[in-house]
Amino acid sequence: MIPSAAQIRAGRALVGLTRAELAAKANFNQKTVQQLEDGQSSPRAATLEVLGRVLEAEGVLFLAPGAEGGEGVRRAPSRSKAPG
């Protein structure tokens, strides 16, 4: 799923990244992230995909709109092994 600009903004906030940190991890200019989040540009799908992959690696799970509600974000379940 390709996340929306609103999901990028919410996901970034969820994991506590600044715009500059997200931009650096995605190898983008900070202005790109700023304009995308502020609605000053129409981002390409490829840009949203890259930012989405970075945020997923940080533990964000993107939720598609469905019967339960609109699009959203949440923390992905922990991938740590159970003791034993």
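Heavy atoms only: backbone and side chains are in, while hydrogens, waters and symmetry mates are out. One is the number of the first residue; the rest follow in order along the sequence.
Listed by chain and number, the residues in a side-chain contact (heavy atoms from CB on, under 4.5 Å) with Ala24 amount to none (sequence neighbours excluded). Shown here are the side-chain hydrogen bond (donor to acceptor under 3.5 Å, both in side chains) partners of Glu37, two or more places apart in sequence or in another chain: Arg12, Arg19. For the salt bridge (Lys or Arg N to Asp or Glu O under 4.0 Å) test, residues two or more places apart in sequence or in another chain that qualify with Lys25 are Glu58. Judged as a side-chain hydrogen bond (donor to acceptor under 3.5 Å, both in side chains), and not counting sequence neighbours, the contacts of Glu71 are Ser4.
Between the side chain of Gln35 and the backbone N or O of Ser42 there is no donor-acceptor pair closer than 3.5 Å. When atom types are taken as modelled, the side chain of Gln30 and the backbone of Ala23 share no donor-acceptor pair closer than 3.5 angstrom. At least one donor-acceptor pair under 3.5 Å links the side chain of Asn29 to the backbone N or O of Lys31.
Counting only residues at least two apart or on different chains, no salt bridge (charged side-chain N to carboxylate O under 4.0 Å, His left out) pair has a member in residues 40-50.
Here the shortest heavy-atom pairing between Gly52 and Pro3 reads CA-CG, 3.8 Å.
When hydrophobic residues (I, L, V, M, F, W, Y) are linked wherever their side-chain heavy atoms come within less than 4.5 Å, the members clustered with Val50 are Met1, Ile2, Ile8, Leu14, Val15, Leu17, Leu22, Phe28, Val33, Leu36, Leu48, Leu51, Val54, Leu55, Val60, Phe62, Val73.
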